[in-house]
Amino acid sequence: MALLKGLLILCILNAVLGQEDCPATTTPCFYENIGFYPSGNNQANEHYYIGGLFGVHEMPNDAYSCSRSAIRDRGIINLQAFLWGVQNIGSTISAGGVALDSCSSSDQNIENILSFETCKVTLGETNPVSPRNLLAYVGPDRSTQVPAVSSLLYEMNKTHISHAATSPRLRDGDKDSFFLRTVPTDVKDVLMMKELLGKLNAKYVIAIYQDDEYGMGLFESFNSTMSQAGVCIVYKVKMTSTNMAEIAAQLRTRIATRYVALLMTSDNVKMLFDYLRSTTVPFPIGQFSFIGTSSWGTLTDVTSGGGISGYTVQISAPTSIENEVNQFYSYLESLKPSQNMRNPWYDKWWRSKVDCPTGILADCEATKSLVGKSYRDVYTPFTLMAIKAIKKGIEAVSQSECVGSAQVLCSNLLNQHNRGQLIRNAIILATDNNGRRYFQDNGELADNLVNFKIYKIDSTGSYNVFANYDGNNFILSGVAPAIDSQCPNSPCLECGDMPSSTQPTTKPPTTTTVTTTTDITEGGKYTQVLMLSTQEFTGVYADQRRDMYELRFELGQKWIIALGVLAGVGLLAVLVFEVYILYKLMGTKTGRQWRTLWLGQLLLFGIFLSYLTLFAYLPIPTDATCGITRFGVGLSYSIMFAVLLVKLMVILTSKSSEQSILADDIASPNYLKGIYQFLMFVFVVGVQVVIDAQWLILVPPRAVKVITNNGDEAWVCNHFTWEAKTGWRDMKNFVRTGFENHLISLVYIMFLILMNTVVAMRAHGIITNHRESIFIGIASGFCIPIWIAWGLVAGLNREHDVSHEFTDACMAFGLFITATLVLFSMFLPKVRQLVNMGVEGIYLEDDRESYYAQSVIMAPPSYKSRPSSVIYVNHTDPVVLSNGDPNHLKHPGSMYSGHSAPVYTKRPDAMYATASKSLKLTNDLSGKHPQQQERKRPQSEAGYMYRKTRSESGGTVRSLRKSRSQTDLGAL
């Protein structure tokens, strides 16, 4: 019974975890446009298939016209090698191959894999291939297609081995664990270029790379390697189909550099050469020495047309695979279209190679062949290596997991997840005929299988071996010509050094040496200064200049849309606040006292200037916008926080006046006078103005074109600091970026923010100007985390591909958020105060917050013949004012006489549910306040006014004491 239960559980697990065959359908969708070699064994678990992903056709203009686009030599040759290898490379288990055309598109690759793996299409009509039996893939053959395929096959736990994807940027994290490659990365190509340039004694080079994953990854490696080797890249450019005219113009001005590294595929190299030959003004193509990668190799199609000279690097097949490579090419030379039953595209390609576009095929086959034709591809050996490694890995895992069984898919290999990992690990450990592993543990090709040859190209377009690299040694087979490479200008600003004719022959001294030799190329405009290689400079003065005003949006920087909208809304908000405040104060006493208004107006001006400065970030940097942002940001910040600091000083010095009950006329003797307020403001702002002005004078603002972290060219402001030995063109080598230098120039602003926060905390209990110190504390205190946030975002993304966008965006949005915080923190309370302001400019809420809160005294009934009224005195018990004993509490010399004198009486306790208390007069009511005694004014006359009831005044209530809002800093 226990045995049956165990078998039942095993069957359930197999059903759940195992990958099953596609379900039977009445109308299957067969996909026959494939390269197909069927397995010789049709038993479900006794054969397997290897999938192939090849770009047979060039990428079409749309998703439906792949078959009408051109056939790629690389795609068709390697697909044919794949089918031949599946059949002829030894295996003890029956294997088949299915080759799919990706049309050089990542989307097509994904569509092909998903359609097959999810049984949407069936491959092979006679004996359909089951997804369960397809265990691994070879391909894709382009670096741009690998990321998408790698992510998909990682989810499916299926290994794929690329034979031609060489970008070093493809391996990133666990999702690439099922991605292997039998081809070395472009780093190896670049190392060969470095060795070659060293043998040629070349110190300067031009780099042109294509606009995709392959080109940018290759350039990144080339750029860093040349920098370490001391070779200066005097001109770097990304080639597209639209900028070849600009490239040709730039090359004409740099003929003296001579060496041009072409970091692109053979198709793009040929396109560039064809354009240079076809220019209206003859291009001196023969005066340059072009250096190509393995993608170019020895393809004669690239150099057809003549006039090309230079060198190419080419990967050399390991000796362990040379036998299979020779056998395949012998097979291909003799293969006629009528003999081909596996490759549906072979007929068309064969006709193009033997010059038989039309006519009867049998006639062409009788007289033509591929012998002597250009059909070899540099990556073919690596396709055969991939097949060999896959077969050896599958056989190894089958033997270890299916002991005593001839089945390749025994029960231990039916679980898709476990099987995928086992096969991947077995392929990683596979070895060649000499016992050497094909792969490193991370899936890259083993170093001991890497061989290279360097070919020299003469003006006729023929290739001759110039050097060999066997994995350890770089051995010249020819003589290196003495061709001098020079910097295109003097002084060589691109490289941070001098022309080769003025370079010192000895080690530079420990001090800076200045020569008086004038630069004849500039008519004596400059003097040459020899600097140490470690000398640092801020700013740069390049020949290039940019005065065109184009928006960053044209470069894809869409964040400027949000910035422009927000800055416009901010300007509108400032104007609304200004109009409303002036309208409310028009005709009031406060509105006529500009000594109480000017600080608020300056604060609004600083905020307004901040929003205006933001518009300088919208265009692509120019000399003008660089100057505006450099000076305007610091000035805007300094005005805002200088005003806040002056306001705090006024609040602190007015503290002693809070005890005065005659707020109309009495102010603290320590109150900061207007002239001192102005001088303090000018001094605080002046410090930042001096800082920014000095920077503008010593380093005039310029917009310069540099190479960004992702290898693109971009216009940036020359705020950055660079080192002489690394030059000013490459952002990766900057000592300090423009953002870092700009942030340093704002250290004084950080000090002001901190000082405002501390002083506001000290003054938080002072009620002057409606407790404005609290709002200043909010504005300053919240700026601290805001500054930390945008500073860290920009500073920590220095290595990001678009760090130059991060830095500008963070600086701009930091200014916007700070200005907006100050605007609403300081002026929303002002608007509330103005809304609640009485008919005579009195802010009634001051009375409830002042020293005399709710101290209201009513007139006696006989004064206006009205009944007695209830009042509150200093938040104490209620009392009434009535006609009592005229001698009781009568003020000497009072304006009241006889029965009209005010008398205080107490209401019965029962009316207020409180204990009976006697009325105690404070110094405020008795006229004993020190400041009142000094003024010698009777308390009854100086401190009290008649107050109408609500019924008489229509709801408007006046306190007996004037609001302090008229005598402090005012509504602003």
With a 4.5 Å cut-off on side-chain heavy atoms, are [Y] and [X] touching?
X: F328; Y: T380; value: yes
X: Y214; Y: T293; value: yes
X: Q80; Y: L335; value: yes
X: T431; Y: R436; value: no
X: K732; Y: N709; value: yes
X: I285; Y: I308; value: yes
X: N343; Y: L79; value: yes
X: Q108; Y: C66; value: no

TODO: Just say parallel, tilted or perpendicular for the rings of Y463 and Y455, cut-offs at 30° and 60°.
DONE: perpendicular

Open item on the list: Using 30° and 60° as the class boundaries, would you call the ring planes of F452 and Y469 parallel, tilted or perpendicular?
Closed with: tilted

Task: Between S320 and N433: side-chain donor-acceptor atoms closer than 3.5 Å - done: no

[X] side-chain N/O to [Y] backbone N/O, donor-acceptor pair under 3.5 Å:
X: N223; Y: F219; answer: no
X: R171; Y: F179; answer: yes
X: K353; Y: S369; answer: no
X: S227; Y: S224; answer: no
X: D176; Y: S150; answer: no
X: S143; Y: T166; answer: yes
X: S105; Y: S102; answer: no
X: S151; Y: A148; answer: no
X: S352; Y: W349; answer: yes

Excluding sequence neighbours, so at least two apart, what forms side chain to side chain donor-acceptor pair (under 3.5 Å) with [X]?
X: H160; value: none
X: Q210; value: D212, T265, N268
X: D377; value: R74, N78
X: E246; value: none

TODO: Let me see the working for K392 and D432 under salt bridge (Lys or Arg N to Asp or Glu O under 4.0 Å), right down to the final yes or no.
DONE: CA-CA 9 Å; K392 287 195 172 186; D432 64 8; over 6 Å; no

State plainly whether the residues [X] and [Y] are in salt-bridge range, i.e. N to O under 4.0 Å.
X: D211; Y: K238; value: yes
X: D274; Y: R277; value: yes
X: K236; Y: E220; value: no

Smallest separation among heavy atoms of [X] and [Y], with atom names:
X: W350; Y: K368; result: CZ2-O, 3.7 Å
X: V260; Y: V205; result: N-CG2, 4.5 Å
X: A165; Y: V183; result: O-CG1, 3.7 Å

- [ ] List the steps, then state whether side-chain contact (heavy atoms from CB on, under 4.5 Å) holds for L272 with M244.
- [x] CA-CA 7 Å; L272 177 63; M244 285 188 287; 4.3 Å; yes

- [ ] Name all residues meeting the ring pair (Phe, Tyr, Trp, His ring centres under 6.0 Å) criterion together with Y37; count only those two or more places apart in sequence or in a different chain, and write none if there are none.
- [x]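 Y37 satisfies ring pair (Phe, Tyr, Trp, His ring centres under 6.0 Å) with no residue once adjacent residues are dropped.
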
Open item on the list: Quick check on ring pair (Phe, Tyr, Trp, His ring centres under 6.0 Å): which of F288, W296, F283 does F273 satisfy it with?
Closed with: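 The passing option is W296.
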
Open item on the list: Run L384 and K388 through side-chain contact (heavy atoms from CB on, under 4.5 Å) and show every step you take.
Closed with: CA-CA 6 Å; L384 299 177; K388 200 169 185 178; over 6 Å; no

TODO: Please lay out, stage by stage, how R142 and E58 fare under the test salt bridge (Lys or Arg N to Asp or Glu O under 4.0 Å).
DONE: CA-CA 12 Å; R142 284 189 167 178; E58 294 288 356; 3.5 Å; yes

When the side chains of residues 311-319 are checked against the rest of the protein, which donor-acceptor pairs come out under 3.5 Å, sequence neighbours left out?
| from | atom 1 | to | atom 2 | distance (Å) |
| --- | --- | --- | --- | --- |
| T312 | OG1 | G297 | O | 2.9 |
| Q314 | OE1 | T298 | N | 3.0 |
| Q314 | OE1 | T298 | OG1 | 3.3 |

